[in-house]
Asks: 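Please find one structure pasted underneath; my questions will follow.
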Amino acid sequence: MLILTMTNLEIAKLLRNVAASYEIKDENKFRFQIIAYKKAADAIQNSSSEVKDLFKEKKLSSLPGVGPSISSHLEELLKTGKVKHFEWVMQGIPKTVFPLLDVPTVGPKKAFRLTTELSLKNPETAVNDLKIAAVQGKIAKIEGFGEKSQADILRAISDFFLGKGKTTRMALPYAFEIAEKLVSYLKTHPSVIQAIQLGSLRRMMPTVGDIDIAVATSDPKSAIMHFINYPYKERIIEQGQESASILLSNGKQIDLMTQPPKKFGALLQHFTGSKNHNIKLREYALSKRLSLSEHGIKKEIANDEWKMKNYSKEEDFYKALGMDWIPPELREDTGEVELAIKHKLPKLVELPDVKGDLHIHSNFPIDPSHDLGKNSMKEMVARAEELKYEYLGFSEHNPSISKHTKGEIYNLISRRNAHIEQIKSHIKNVRIIKLLEIDILVNGSLAVDNKSLELLDGAIVSIHSSFGMNKESMTKRVLQGLSHPKAKILAHPTGRMLNQRPGYDLNFEKIFDFCKKYKKALEINSWPERLDLPDSIIKQAVQNEVKLIINTDSHSVSEMNLMRYGVAMARRGWAKKSDILNTLGYNEFIKWLKGGEL
DNA sequence: GCCGTTTTCGGCCCGACTGTTTTCAGTCG
C-alpha cells in the first residue's frame, strides 16, 4: 500500500482549496461544508502529530473537526494519492485559482473571477501573471473591480513577493519589544487612557504574526489618528471609526482596536482570542440566548429584541457567562471552556513558583564540545540571588571528546568542581548543583564515561548531532542516553529551532513511559528560538504524569530573565506547579536528582 | 461535514472595513 508522504501543511492547504472550491461554486448551499473543511485544515496544521502517523494508528478522527467523512477522504488520499470527492468538488475550478489565494486581500471569489476574466492558465506563474495584468491596467476594466482594487492587488502582490505581512511569524520576545515600544508611544497621547498588547502576544504563542493592540479611549478618532502617525509606519493598511491597521517599515503588521473604557473588558476578551476560543464561547453563549462581541454581551429580552450590557473588566465578562476567568495561555479551544463552566480549570504554574534554574553555562574553561558561556559562575550566582532562587545548576557542555582523552576530561571536570567548592564559601542564599550538559552520541552512549560521571550530582543529556535519524532510531538513541542513572533531564527534547528547523521525530509515548518509570524529567527550554518542549507535547506529558523542569539554557547573566517564556510554555501546556520539579525546595529537588522517591 | 451540559438531529460566531456599490459583497481576524 502506498502511503503518501504529504506534510500536514500540504494536507491543510489541500483541504483549504476544497473549501475555497465549495465557496466559489455555491457559498450558501455548502456553507457548513466550507466551515468544516477550514476547521479540519486548521486542526491538521496545528496538530503536533503527523497525519500519516495518525492514519497508521487509526486515530485520524481524534483531530477536532475531522469526522468520518473527512477522515475517509484522507485515507484515500494517503493510499492512492488522490480523492475522488475532492476532484468532484474542484471540477470546473481552474488550478490557477489556488496559488492566488496566498495573496493578501484575494479570496476565493476574487481569485476565480480574476482567473477566468484574465484567462490565467499557468498555476506555476499565476501570481506573476496577475501582476503583469495589473500593470497593464487589465484588472480595473473587470466589472466589480476598479482602479483602487487594481492598485491594492498590485501592492499585495509585491508585499507577497517581499515576504511582508502575514507570512512571516516572529519569535515572541522580538514581538514583545516591538509592541512595548508602540504601546509607550500610544500612551503619550492624552486620548489614550489604556493601551495593552493582546492577541497571540497575550496568549504567549511561541511565534507571533500580527501584533494586536487594544486602546481604551473616549475619543477614538484622535487615538486612531495618533496611531496611524506612528513614526516607524510604512503605510496605513486600513483606517476606520474604531479600528485601524498599519504596516511598519520592518514589514510587521499592527492591528489596533478601540473601545470606550466602560466596554474595555469586552474588547480585551475579544481581541485576545484565539479565534477558535471565541467561536466556542459565542456558540455556548448563544445556547443561553446571549450574543457576544467586542462591545459586550447582548441578551434577548423579548422575541428578537436584544439589550446590550457593558463590561469594563474581563473577569466580569466571563462571570456573566457563568464560567471562571480563563488564563489567556489556555484560550485555544482545547477544552478550557468546558472546564471553566464546571469551575474545574487547573491552577497553572507561575513565574514566582520557580525556585531554581538547572541549565546554566558559565565561562569556566572546560573546553566544551559546544559554546561556552560569557559570564563567570560568580556573576551568574549573583543574578540567581537577585531572582530569589534557592539553587542553581551549572551545566556547561561536556569537554570536547575529539580534543581530549578520558583522563583529561576527568581532570577538567574535577577542576570545575574544585572551582565550585571554592566559590561556594562566598555564597549565602543559593545552593550550587554540579551538573553537565552531555551529548548523546549517535549510538546512544554518553560523551562522558562512568568514572567522570561520578563527579557530578546529575547530568542533563541532549542531542546536538545527526538530527536526520528516523523516528525509531532517534527514540532508541534518546532512551539509551537517558538510561544512565546519572542522566536525569532530557534537554530541549525535540531539537526544534523556530523558523529554522522542525526538530527530529521522537516517539513520545515511549519517552513518556520511560520517564515515568525511571523518574526522568523533560526540559522546557526557555530559549526564544527553541521554546522546546512545544506546548502540545507539554500537555501530553502532564496528562501522562511526566515531570518537567523549566530551564533557561543561559549562556550569559541577562539570559537568565528568559525563564518567563519557559513558564509561559508550561502554562500553555496546562502545567501546574506540581508538574514542575524546579518549583520544589532544594532538599526535595536533590532527593529527586539523586534518584530517591518523591 | 461535524458534534453534543439542550440535541445522535438540528443546529452551526460576530462585526469592522474597503471598494464599488446606492444597499452590498468580499475579506479579515
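Every heavy atom of this structure was used, including side-chain atoms; hydrogens, water molecules and symmetry mates were not. First the proteins, then the strands, lettered A, B, ... as listed; each starts at 1.
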Asks: Would you say P261(A) and S218(A) make side-chain contact, with heavy atoms under 4.5 Å?
Replies: yes
Asks: As a test of reading the structure: which of dT27(B), dC17(B), dG1(B) is closest to the side chain of E242(A), going by heavy atoms?
Replies: dC17(B)
Asks: To the nearest Å, give me how far apart CZ (R203(A)) and C1' (dG29(B)) are.
Replies: 11 Å
Asks: Identify which nucleotide among dC12(B), dG29(B), dG26(B) has an atom closest to any side-chain atom of K110(A), counting heavy atoms from C-beta outward.
Replies: dG26(B)
Asks: Could you tell me whether K181(A) sits above the aromatic face of Y232(A), with NZ or CZ closer than 6.0 angstrom to the six-membered ring centre and within 45 degrees of the axis?
Replies: yes
Asks: Under 4.0 Å between any heavy atoms, over every strand shown, what does S245(A) touch: base, sugar-phosphate, or nothing? Just pick one.
Replies: nothing
Asks: Could you tell me whether D316(A) and K319(A) make a salt bridge, using a distance below 4.0 angstrom between a side-chain N and a carboxylate O?
Replies: no
Asks: Could you give the distance separating dT8(B) and dC3(B) at their C1' atoms, to the nearest angstrom?
Replies: 9 Å
Asks: K275(A) side chain N/O closer than 4.0 Å to the phosphate oxygens (OP1, OP2) of dG29(B)?
Replies: no
Asks: From dC12(B), dA16(B), dC2(B), pick the nucleotide closest to the side chain of P68(A)?
Replies: dC2(B)
Asks: Would you measure the distance from the P atom in dG29(B) across to the matching atom in dT22(B) and give it in whole Å?
Replies: 28 Å
Asks: Got a sec, which residues hit ring pair (Phe, Tyr, Trp, His ring centres under 6.0 Å) with F98(A), two or more places apart in sequence or on another chain?
Replies: none
Asks: What does L292(A) touch in the nucleic acid at a heavy-atom separation under 4.0 angstrom: a base, only the sugar-phosphate, or nothing?
Replies: sugar-phosphate
Asks: For T105(A) and dG26(B), is the shortest distance between a side-chain N/O and OP1 or OP2 below 4.0 Å?
Replies: no
Asks: For I279(A), report the nucleic acid contact type (base, sugar-phosphate, nothing); a contact means any heavy atom under 4.0 Å.
Replies: base
Asks: Once you apply a heavy-atom cut-off of 4.0 Å, does E338(A) come out as touching a base, just sugar-phosphate, or nothing?
Replies: nothing
Asks: Kindly indicate, with the supporting measurements, whether the criterion side chain to side chain contact (heavy atoms under 4.5 Å, CB included) is fulfilled by L201(A) and L172(A).
Replies: CA-CA 7 Å; L201(A) 263 176; L172(A) 179 67; 3.9 Å; yes
Asks: With a 4.0 Å cut-off, would you call E336(A) and R203(A) a salt bridge?
Replies: no
Asks: Rounded off to whole Å, could you give me the CG-to-C1' distance for the D159(A) and dT27(B) pair?
Replies: 16 Å
Asks: Nearest to the side chain of Q33(A), heavy atoms from C-beta on, is which of dC14(B), dG1(B), dG26(B)?
Replies: dG1(B)
Asks: Under a 4.0 Å N-O cut-off, is there an ion pair linking E314(A) with R331(A)?
Replies: yes
Asks: Counting only Watson-Crick or G-U wobble pairs whose two distances fall under 3.5 Å, which nucleotide matches dT8(B)?
Replies: none
Asks: Check every atom of dG1(B), dC12(B), dG29(B) against the side chain of E283(A) and return the nucleotide holding the closest atom.
Replies: dC12(B)
Asks: Relative to the ring of H277(A), is the ring of Y318(A) parallel (under 30°), tilted (30 to 60°) or perpendicular (over 60°)?
Replies: tilted
Asks: Of the listed nucleotides (dG19(B), dC14(B), dG1(B)), which one gets closest to any side-chain atom of K148(A)?
Replies: dG19(B)
Asks: Side-chain N or O of S69(A) versus OP1/OP2 of dG1(B): is the shortest distance under 4.0 Å?
Replies: yes
Asks: On DNA chain B, check which nucleotide each of M308(A) and K288(A) is closest to and give me the residue with the more 5' one.
Replies: K288(A)
Asks: When you measure from the side chain of S243(A), which nucleotide among dT27(B), dC17(B), dT5(B) comes out closest?
Replies: dC17(B)
Asks: Please measure how far the P atom in dA16(B) lies from the corresponding atom in dT20(B), and state the result in whole Å.
Replies: 22 Å
Asks: Are any of K298(A)'s side-chain N or O atoms less than 4.0 Å away from OP1 or OP2 of dG15(B)?
Replies: yes
Asks: Have a look at F271(A) and say if it touches a base, only the backbone sugar-phosphate, or nothing, with a 4.0 Å heavy-atom cut-off.
Replies: nothing
Asks: Provide, to the nearest angstrom, the distance between the CD atom belonging to Q150(A) and the C1' atom belonging to dG19(B).
Replies: 14 Å
Asks: Rounding to an integer number of angstrom, what distance separates dC13(B) and dC2(B) when you compare their C1' atoms?
Replies: 16 Å
Asks: Any base atoms under 4.0 Å from I341(A), or only sugar-phosphate, or nothing? Heavy atoms, all strands.
Replies: nothing
Asks: Across the strands shown, which category fits F145(A) at heavy-atom distances under 4.0 angstrom: base, sugar-phosphate, nothing?
Replies: sugar-phosphate
Asks: Think H295(A) has a side-chain N or O under 4.0 angstrom from the OP1 or OP2 of dA16(B)?
Replies: yes
Asks: Looking at every strand, decide which applies to D152(A) at a 4.0 Å heavy-atom threshold: base, sugar-phosphate, or nothing.
Replies: sugar-phosphate
Asks: Nearest of dC2(B), dG15(B), dG26(B) to any side-chain atom of S293(A)?
Replies: dG15(B)
Asks: What integer number of Å spans the C1' atoms of dC17(B) and dT23(B)?
Replies: 16 Å
Asks: Roughly how many Å apart are dT27(B) and dT21(B), using the P atom of each and rounding to a whole number?
Replies: 16 Å
Asks: NA contact type, E143(A), heavy-atom cut-off 4.0 Å: base, sugar-phosphate, or nothing?
Replies: nothing
Asks: dG29(B) C1' sits how many Å from K280(A) NZ, rounded?
Replies: 19 Å
Asks: What is the separation between atom CG on L198(A) and atom C1' on dG29(B), rounded to the nearest whole Å?
Replies: 13 Å
Asks: Please tell me if S149(A) has a side-chain N or O lying less than 4.0 Å from either OP1 or OP2 of dG19(B).
Replies: no
Asks: Can you check whether F32(A) stacks with the dC12(B) base, using ring centres under 5.5 Å and planes within 30°?
Replies: yes
Asks: Side chain of R282(A) only, please: which of dC13(B), dG1(B), dA16(B) is the nearest?
Replies: dC13(B)
Asks: Would you kindly give the CZ-to-C1' distance between R113(A) and dT27(B), to the nearest whole Å?
Replies: 16 Å
Asks: Using atom CD1 of I35(A) as one end and atom P of dC13(B) as the other, report the distance to the nearest whole Å.
Replies: 6 Å
Asks: Roughly, in whole Å, what's the span from CD1 in I34(A) to P in dC2(B)?
Replies: 15 Å
Asks: Taking the nucleotide of DNA chain B with the closest heavy atom to each, which residue, E238(A) or R31(A), is nearer the 5' end?
Replies: R31(A)
Asks: Under the ring-ring contact (aromatic ring centres under 6.0 Å, His included) test against F317(A), which residue among Y311(A), F264(A), W325(A) passes?
Replies: Y311(A)
Asks: For H277(A), answer base if it contacts any base atom (sugar-phosphate contacts may also be present), sugar-phosphate if it contacts only those atoms, and nothing otherwise; contact means non-hydrogen atoms under 4.0 Å.
Replies: nothing
